[in-house]
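Okay, structure first, notes after.
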Amino acid sequence: MPLDWKLKSGYGRDAGQQSHEQADAWEPPAGFQPVTQLEFARRGIVTPEMTRVAEREPHLTPEQVRDEVAAGRMVIPANKVHLQYKLDPMAIGRASKTKVNANMGASPVSSSTDEEVEKLKWAERWGADTVMDLSTGGDLNACRDAIVRNSTVPIGTVPIYSMIIGRRIEQLTPEIILESLKEQAAQGVDYFTIHAGVQREHLPFIKKRLIGIVSRGGSLLAKWMLVHGKQNPMYDHWESICDIMREYDVTFSIGDGLRPGGLADATDQAQLAELVTLGELTERAWRKGVQVMVEGPGHVPFDQIEFNMKLQRQLCHGAPFYVLGPLVTDIFPGYDHITSCIGATAAGYHGAAMLCYVTPKEHLGLPKKDDVKQGCIAYKIAAHAADVALGIPGSRDRDDELTKARAALNWEKHFELSFDPDTARAYHDEDLDVDTDFCAMCGHDWCSVRISKEIVEFSSGKDEQYKWEKAKVTAALSPEQQEILAKRGVLSPDEIHRLAAKTKKVMTPPAADKASCHSDFVDANVARDLQNKKSDLVELTIPQG
């Protein structure tokens with residue numbers, strides 16, 4: 001707490017009573033005006049942003065959101081400037097659902113502002129809860145401004161990237177640091193990754209590592225300290241940085257500049273020494289009224305993940321933990337979105353509040369549009385799996401609804417409830433483009449779900465919203481679409497969606513929701529002609545005996 005706040009005793013203590021209303025409370029100095037979500041929460045005020053968070057997380061009330069923010073266990077990254085644009089407030093904390101961040105950004109050799117805005121909208125489409133702009137090339141200010149103005153999700157940056165454009169790292173001064181932070185905060189950036197935990201005394205520990213410092217921000221600041229023989233300027237000027245962030249309500253994402261870049265370096269002396277410093281910086285930021293989350297390791301053997309998550313929660317006083325992966329093995333470049341989402345699921349279950357996605361291009365190059373989609377989906381799987389395992393109320397509802405649809409062999413409902421309906425529909429139609437009472441994986445005679453329905457009546461099978469009377473024939477795949485499916489390992493997003501739209505394009509008239517092969521939509525003879533033209537009717541029979 002700030003040093004000038006006083007703890008006021010609750011009025012029910014002497015009577016031996018202790019309720020929420022009568023408990024001890026913090027009282028600010030006279031004339032204090034709250035600015036950040038943390039300060040409003042400490043004063044017992046529910047802000048519109050807290051109310052919106054509760055609307056998006058129905059298992060929480062606005063008052064519960066307020067109390068979690070006041071305790072520092074939850075953050076609402078919502079820069080006051082960004083709130084004037086399109087930002088839809090959200091929360092990151094262990095009491096809320098596990099969130100996913102998508103990294104993007106232009107580099108000196110790839111991408112542009114227009115491409116980054118397109119990737120932003122694509123990341124939002126595929127479930128990213130926040131987006132970090134990690135641009136290191138092009139017009140960084142213009143790119144950042146365009147992303148903030150067009151985003152509905154919080155935007156984070158690593159400000160040191162902009163600080164060294166046009167200058168060497170050793171030319172960095174406290175004045176440049178504060179000026180750059182002020183500029184980005186005024187643009188509307190919602191959270192900053194600042195690697196203030198890397199200290200001079202930690203650098204000797206790096207000698208024992210296989211790969212050294214893999215964080216760009218951490219390596220830059222380590223070089224600055226070696227050149228100048230001084231302590232990390234981000235650490236020394238932390239309070240001044242806090243003052244700028246408080247003014248705009250920018251949230252800290254305190255960077256792990258010494259995170260491990262390979263399994264051999266995980267949970268080593270360098271990583272843990274920095275983590276202790278991150279706990280100190282968390283307290284210093286809280287005293288200044290600034291919201292804090294803490295970044296975590298990137299490459300960790302599976303058996304060490306639980307220890308890492310619990311140690312962070314202890315050393316950083318319950319501040320939300322934001323982790324990159326972690327990757328649980330190092331030998332699958334090109335598939336690291338899978339390697340890392342395995343670790344991310346464990347991290348989410350053991351306490352991480354937000355998972356930073358990894359794309360198939362990790363370690364290899366800058367992600368393109370489809371890489372962003374693959375990374376987002378992998379991490380939505382990890383986050384959702386953690387939420388289900390944690391028993392967050394309502395987190396499994398959609399899973400259970402899809403199970404009902406699957407039990408009823410209601411393919412359309414099955415697709416509708418899928419996270420990516422287009423891809424699910426395309427894979428189904430590759431082998432069996434008819435809505436049957438069995439699937440192509442088993443066939444009619446071997447379909448366990450169909451057989452089970454004959455054995456016992458499932459409740460979902462009797463539910464009117466899932467029930468249907470007979471098989472429905474959909475349009476057959478064209479030769480072009482068959483070729484696309486044969487090459488699905490290299491499918492682009494546009495090809496997937498073009499494929500999934502096959503029935504609508506062929507059978508649906510303008511402004512219509514039903515395919516025109518339905519006899520209740522057009523003349524029966526016309527419908528019959530359309531069906532005969534596009535596909536042979538399939539008659540299903542159940543063998544007797």
Side-chain angles (χ1 to χ4, degrees), residues 1-15 17-84 87-96 154 185-186 188-192 238-254 279-294 316-320 353:
M1 293 297 295
L3 298 178
D4 54 355
W5 287 50
K6 305 299 181 185
L7 185 61
K8 185 178 180 180
S9 298
Y11 60 82
R13 181 177 297 277
D14 292 339
Q17 301 170 350
Q18 187 72 14
S19 69
H20 180 74
E21 291 77 13
Q22 298 169 333
D24 295 349
W26 286 97
E27 188 174 87
F32 174 82
Q33 293 296 322
V35 175
T36 67
Q37 296 291 328
L38 176 58
E39 291 174 339
F40 280 110
R42 285 171 170 171
R43 295 289 290 128
I45 298 170
V46 173
T47 65
E49 292 74 32
M50 296 173 195
T51 300
R52 176 57 183 150
V53 166
E55 291 173 353
R56 299 182 67 178
E57 311 244 7
H59 66 287
L60 296 173
T61 66
E63 291 73 22
Q64 287 174 319
V65 173
R66 175 200 63 196
D67 292 348
E68 287 296 298
V69 172
R73 292 189 296 264
M74 180 180 288
V75 296
I76 301 176
N79 185 309
K80 295 178 181 297
V81 177
H82 198 180
L83 284 170
Q84 299 172 23
L87 178 64
D88 188 6
M90 54 81 74
I92 301 167
R94 192 57 276 165
S96 62
V189 175
D190 301 289
Y191 63 95
F192 289 155
W238 188 251
E239 274 67 27
S240 297
I241 293 172
C242 289
D243 289 338
I244 292 173
M245 297 179 70
R246 177 181 182 270
E247 180 182 353
Y248 293 90
D249 197 4
V250 180
T251 299
F252 272 116
S253 181
I254 308 180
E280 173 201 331
L281 293 169
T282 296
E283 291 186 293
R284 288 168 62 183
W286 280 344
R287 289 194 191 101
K288 300 291 283 188
V290 182
Q291 300 184 87
V292 176
M293 57 182 171
V294 177
C316 297
H317 321 293

Rounded to the nearest 0.5 Å, what separates atom [atom1] in [X] from atom [atom2] in [Y]?
{"X": "His82", "Y": "Asp249", "atom1": "NE2", "atom2": "CG", "value": "13.5 Å"}
{"X": "Arg287", "Y": "Asp4", "atom1": "CZ", "atom2": "CG", "value": "12.0 Å"}
{"X": "Ile76", "Y": "Asp190", "atom1": "CD1", "atom2": "CG", "value": "12.0 Å"}
{"X": "Trp5", "Y": "Arg42", "atom1": "CH2", "atom2": "CZ", "value": "6.0 Å"}
{"X": "Met90", "Y": "Ser96", "atom1": "CE", "atom2": "OG", "value": "7.0 Å"}
{"X": "Arg66", "Y": "Glu49", "atom1": "CZ", "atom2": "CD", "value": "15.0 Å"}

Distance-only, no hydrogens or angles: does the Ser253 side chain make a donor-acceptor pair with backbone N or O of Tyr191 under 3.5 Å? no
Measure from the side-chain N and O atoms of Lys80 to the backbone N and O of Val35, and report whether any donor-acceptor pair falls under 3.5 Å.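 Confirmed, Lys80 side chain pairs with Val35 backbone.
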Should we say atom CZ of Arg94 is surrounded by more than 12 heavy atoms from elsewhere, each under 6.0 Å from it?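 Yes, CZ of Arg94 has more than 12 neighbouring heavy atoms, counting only those of other groups under 6.0 Å.
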Using 4.0 Å as the upper bound for N to carboxylate O, is an ion pair formed by Glu68 and Arg73? yes
Does a salt bridge link Glu239 with Arg284, judged by any charged N lying under 4.0 Å from a carboxylate O? yes
Looking only at non-hydrogen atoms, find the nearest pair between [X] and [Y] and report the distance.
{"X": "Ala185", "Y": "Val250", "answer": "CB-CG2, 3.9 Å"}
{"X": "Met293", "Y": "Thr251", "answer": "N-CG2, 4.4 Å"}
{"X": "Thr282", "Y": "Cys316", "answer": "CG2-O, 4.0 Å"}
{"X": "Val290", "Y": "Cys242", "answer": "CG2-O, 3.5 Å"}
{"X": "Ala54", "Y": "Pro62", "answer": "CB-N, 3.6 Å"}
{"X": "Leu281", "Y": "Trp238", "answer": "O-NE1, 3.2 Å"}

Using a 4.5 Å cut-off on heavy atoms from C-beta on, say whether the side chain of [Y] contacts that of [X].
{"X": "Leu60", "Y": "Met74", "value": "yes"}
{"X": "Glu57", "Y": "Val65", "value": "no"}
{"X": "Pro34", "Y": "Phe32", "value": "yes"}

Worked check of side chain to side chain contact (heavy atoms under 4.5 Å, CB included) between Ile241 and Phe252: CA-CA 10 Å; Ile241 293 172; Phe252 272 116; 3.8 Å; yes
For a side chain to side chain donor-acceptor pair (under 3.5 Å) check, start with the C-alpha distance between Gln37 and Thr47, then their side-chain angles and the critical distance, and finish with the verdict. CA-CA 8 Å; Gln37 296 291 328; Thr47 65; 2.8 Å; yes
Determine, step by step, whether His59 and Gln64 satisfy the side chain to side chain contact (heavy atoms under 4.5 Å, CB included) criterion, reporting the C-alpha distance in whole Å, the side-chain angles of both residues, the deciding distance to 0.1 Å, and the verdict. CA-CA 10 Å; His59 66 287; Gln64 287 174 319; over 6 Å; no
